[in-house]
Amino acid sequence: MLDKRYNAEEIEKKWQKFWEKNKLYKFDSKSKKPIYSIDTPPPYASSGHLHIGHALHYTQFEIIARFRRMKGYNVHFPPCFDNNGLPTEKYVEEKFKISKADTTRAEFRKLCLKESRDIEKAYSDKVFKRLGHSYDWDLMYTTIDSEAQKVSQFSFVDLHEKGHVYRAEEPTLWCPHHQTALAQAELEGVDRNTTLNYIYFELVDGGKIEIATTRPELLPACVGIFVHPEDKRYKKLVGKKAVVPLFGQKVKIMKDEHVDMEFGSGIVMICTFGDTNDIEWWKKYKLELKVCVTKDGELNELAGKYKGMKFTEAKQAIIGDIDKEGLLIKQEKLQQNVNTCWRCNTPVEFIVTKQWFIKALDFKKELIKQGRKINWYPDFYRVRYEDWTKNLGWDWCISRQRFYGVPMPIWYCKDCGKEVVAEKSELPIDPTIKKPSKKCKCGSDKFEAENDVFDTWMTSSMSPEISVRWLENPKEFKNRFPISLRPQSHDIIRTWAFYTILKSYLHFNEIPWKDIALGTYILDDKGKGMHKSKGNVVWTHEVLENYDVDTLRYWVGTATWGEDLAFKENDLIAGRKFLTKLWNASRFVLMHLEGYSPKKVELELMDKWLLSKMNKVIKEATDNFMKYNTSVSKKAVEQFFWHDLCDNYLEIVKSALYNEEDSTRKESAKYILYYSLLNVLKLIAPIIPHISEEIYQKYYAEQEGDKSVHISEWPKYEEKLIDKNAEEIGNIVIDVVSAVRRYKTGKGLSLKTELNKLVIECDKKLEEDLKKTFDDLKGTLKVEEIEFGKGKEKVGKVKISIFE
RNA sequence: GGGCCCAUAGUCUAGCGGUUUAUGACGUUGCCCUUACACGGCGGAGGUCCCCGGUUCGAAUCCGGGUGGGCCCACCA
């Protein structure tokens with residue numbers, strides 16, 4: 001039978017090995033069961049990445065996988081890693097103190113790949129397996145695998161054929177640190193203080209105007225000036241020309257309603273490019289293009305003597321010179337929110353480069369419609385998706401000037417300049433290594449390979465297709481798409497969710513998944529986001545040094561999907577206590593069930609009471625798991641187990657169980673104990689799989705004939721076992737028990753103190769049924785005699801009197 | 001500036017129109033070694049259910065308006 005203490009470490013390892021060895025969680029492609037597939041988020045395979053928040057989020061949907069498996073689904077649950085992206089590249093650069101400029105693309109990629117393989121192994125063993133996650137490891141994929149690359153490139157080629165991609169020379173969001181183009185979704189706003197400089201511009205025909213700017217370093221690229229059409233102060237300026245200080249170019253003054261008369265002097269200068277507004281007006285009024293910045297964030301020859309200076313340096317130098325010329329009027333402090341690269345927080349610039357785009361703006365309406373076909377949990381996050389989609393301002397820029405990533409399968413003809421996109425059949429391909437299979441249409445066979453790689457989301461947005469092997473098995477794919485569930489975190493709705501929905505729409509005119517569930521977002525104990533840079537990160541392995549895996553998982557079970565949760569170590573204690581209670585109660589129950597096999601028997605009233613409650617709990621737990629309300633489900637089970645089963649039912653049947661003689665009471669109690677503990681184990685197994693497996697294996701596995709509790713059948717709700725009458729009588733019994741306990745405790749008496757007589761006064765209609773529970777009551781309360789009569793103290797629906 | 005979410009005892013949380021004199025846990029406190037569990041049991045104390053209006057016979061629960069927090073987005077050159 002069960003040991004006196006639950007030895008977590010040993011038991012966790014034992015069953016993890018058992019599950020792995022028996023391939024318990026293997027997806028069965030031949031099974032007739034309905035499929036439940038999960039589009040697992042590929043975690044970054046870069047070191048020091050997975051903190052307690054990841055353990056929380058990944059375990060959260062792992063619980064769902066376990067539930068669905070028991071509920072009779074053929075669960076398709078692949079593990080995966082994202083090793084294709086800037087984090088890996090940056091990490092390798094830092095670790096080996098090299099930059100992508102010092103090495104060849106092939107060499108660099110090799111280093112990246114090795115690094116991520118090591119980390120994947122470490123994460124698999126030390127995080128995911130350790131947490132008891134039930135992936136089918138044979139389904140593992142990573143985003144740099146050739147299959148993933150193939151899907152990613154295939155997607156590009158397919159969309160190119162469909163006319164949904166284009167290459168354009170456009171002002172593009174640019175990260176001067178990473179030296180690459182970015183997508184709108186990769187921006188992060190950062191508040192900062194800056195200086196608003198008021199500068200004089202001289203007018204060509206005499207006089208001067210005042211312009212306020214935060215970016216004086218862009219003066220060399222100034223191509224126009226705007227005032228508001230209704231602004232009385234400046235109406236007469238429209239059509240005139242002004243001279244840009246220091247740089248001398250003459251620019252036209254124009255009018256546009258977008259000018260804010262209240263801000264600064266009410267006159268705006270346009271530089272190519274300081275912000276999105278500049279781009280808008282540049283396009284609208286077909287202004288000249290003047291580029292004064294380089295790709296690494298310096299000024300170029302257009303800036304004359306300021307050439308080679310970094311922006312901040314140039315800003316100071318230029319303002320200094322303007323001041324010297326007596327053109328600086330005043331300076332004001334200004335709170336500003338600048339868009340920065342989300343990975344390095346460097347403010348982004350707009351640089352005109354040739355980049356590849358996937359069309360998104362044309363499909364806004366359809367994408368919102370697609371979003372509405374998907375079930376969002378919680379539902380309100382759909383609004384966030386719709387807001388993002390509605391407000392999109394740019395098509396998706398997918399080319400990145402980086403090394404480590406999926407190569408773009410394109411060449412350019414050296415003679416006619418036309419682009420040649422790879423054939424679907426030759427994917428995956430690295431155009432820098434292989435040449436096109438055909439000549440260019442112009443007859444030339446000289447090509448230049450595209451050196452860019454895809455935006456990492458180009459691959460991530462295909463995770464449903466990769467995970468269910470779209471290209472490997474297109475026939476099967478049709479049956480498996482859309483996927484059942486996308487679990488993800490809410491901060492990447494605008495990227496991962498959006499791009500995935502977009503891709504699935506463009507390729508298949510289909511939604512990628514039926515459900516999308518937003519996991520719990522972790523905060524530190526003070527309610528702030530966890531960031532390595534803030535030093536407030538809690539690591540999973542640290543927590544596991546002091547707490548068992550199931551204790552941690554129990555805590556995960558209390559988290560609500562879609563809400564934020566502050567990590568407080570104290571909250572883990574509840575789980576630890578629960579495990580102890582479950583262990584001890586199981587010891588008690590199994591002790592009495594030794595050698596027992598369930599047989600149908602006549603049930604007593606209190607048995608029916610428990611059965612009725614149990615069925616309600618089964619229904620509640622099941623319904624809530626179906627809706628991803630893990631915590632509600634868990635709470636219901638816990639309540640039933642701890643209070644109804646342990647505190648009340650076990651105490652009530654205890655005297656019968658310890659009675660040496662076999663009795664019908666003992667038999668019916670055993671029958672109830674058998675099923676109530678079995679069902680509790682099953683209902684809680686998805687959340688705390690190790691301890692429930694241990695208890696199950698010690699007794700139930702043989703009785704029930706299942707290899708493991710985790711592939712056993714989920715408890716069925718039986719409406720015919722809901723018994724309102726038994727519940728009413730049972731609740732009265734519990735009230736009476738509680739009152740007598742209160743009486744004894746109030747007098748400082750032990751609960752086993754014997755009492756002489758208990759008198760109950762109740763509705764005559766209830767007497768007959770209540771009488772049936774007198775034997776249970778006598779045993780539980782150690783009372784000699786119970787009778788109906790006048791009661792003194794009101795206890796719920798009845799009155800009682802106690803005689804010592 | 002726009003959108004979304006949240007607000008319940010010292011802390012976390014359930015309830016989301018009447019079944020509630022608001023649930024459970026952590027913490028706190030008194031009693032009890034009760035043939036599973038003292039890592040426990042039985043009790044107790046602890047709450048203007050953020051504020052102001054409204055709807056209703058009835059509001060923690062619905063509506064409107066505040067206040068405070070969080071998140072997402074936009075943005076002023």
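Order of the sequence lines sets the chain letters (A, B, ...), proteins ahead of strands, with each chain counted from 1.
- With P as the reference atom, B/C50 and B/A14 are 14 Å apart, rounded to whole Å.
- Within 4.0 Å (heavy atoms only), A/L334 reaches sugar-phosphate atoms of the nucleic acid but no base atom.
- Here A/S586 lies out of heavy-atom contact (under 4.0 Å) with every strand.
- Between A/F578 and A/W642, the ring planes are tilted. Angles from 30° to 60° get that label.
- Contact annotation: A/T745 side-chain N/O to B/G41 OP1/OP2 distance is not under 4.0 Å.
- At a threshold of 4.0 angstrom between heavy atoms, the contacts of A/K752 are confined to the sugar-phosphate backbone, with no base atom among them.
- Here A/W388 does not reach the OP1 or OP2 of B/C4: none of its side-chain N or O atoms lies under 4.0 Å away.
- Between the side chains of A/N731 and A/W609, a donor-acceptor pair is found at a separation under 3.5 Å.
- Taking atom C1' in both B/G18 and B/U56, one finds a spacing of 11 Å when rounded to whole Å.
- Within 4.0 Å (heavy atoms only), A/D260 reaches at least one base atom of the nucleic acid.
- Phosphate proximity of B/G15 to A/K635: absent, as no side-chain N or O sits under 4.0 Å from OP1 or OP2.
- Within the 4.0 angstrom heavy-atom criterion, base atoms lie near A/E651.
- Evaluation of atom-type donor-acceptor distances gives no pair under 3.5 Å for the side chain of A/K577 against the base of B/C39.
- Put simply, the side chain of A/T520 never gets that close to the backbone of A/A559: no donor and acceptor are under 3.5 Å apart.
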Test log, rule side-chain contact (heavy atoms from CB on, under 4.5 Å), inputs A/V589 and A/L650: CA-CA 9 Å; A/V589 171; A/L650 289 188; 4.2 Å; yes
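- For the pair A/R494 and B/C73, the criterion of a side-chain N or O lying under 4.0 Å from OP1 or OP2 is met.
- Heavy atoms of A/R587 sit under 4.0 angstrom from primed sugar atoms or phosphate atoms, though from no base atom.
- When heavy atoms are screened at a 4.0 angstrom cut-off, A/C271 is found touching no nucleic acid atom at all.
- Contact annotation for A/D647: backbone-only contact, meaning every heavy-atom pair under 4.0 Å involves sugar-phosphate atoms and none involves a base.
- Note on A/A212: a base of the nucleic acid sits closer than 4.0 angstrom, heavy atoms only.
- Residue side chain A/T580 reaches the base of B/C39 through a donor-acceptor N/O pair under 3.5 Å, judged by distance alone.
- Comparing the C1' positions of B/U11 and B/C31 gives an interatomic distance of 26 Å, to the nearest angstrom.
- The side chain of A/T276 places an N or O atom within less than 4.0 Å of a non-bridging phosphate oxygen (OP1 or OP2) of B/C75.
- Residue contacts shown for A/H490 are limited to sugar-phosphate atoms, with no base heavy atom under 4.0 Å away.
- Using a 30° and 60° split on the angle between ring planes, A/W396 and A/Y499 fall in the parallel class, below 30°.
- Going from atom NZ of A/K744 over to atom P of B/C32 covers 14 Å, rounded to whole Å.
- Checking B/U67 for Watson-Crick or G-U wobble geometry (two distances, each under 3.5 Å) identifies B/A7 as its partner.
- Counting non-hydrogen atoms under 4.0 angstrom, A/G748 reaches the backbone sugars and phosphates but no base.
- Side-chain atoms of A/Y385 and A/W376, non-hydrogen and from C-beta on, do get closer than 4.5 Å to each other.
- You'll find the side chain of A/F641 stays beyond 4.5 Å of the side chain of A/V617, heavy atoms only.
- At a threshold of 4.0 angstrom between heavy atoms, the contacts of A/K4 are confined to the sugar-phosphate backbone, with no base atom among them.
- B/U55: no Watson-Crick or G-U partner with both key distances under 3.5 Å is found in any strand.
- Across all strands, A/W583 comes closer than 4.0 Å to no nucleic acid atom at all (heavy-atom distances).
- A/H592 comes within 4.0 angstrom of nothing in the nucleic acid, heavy atoms only.
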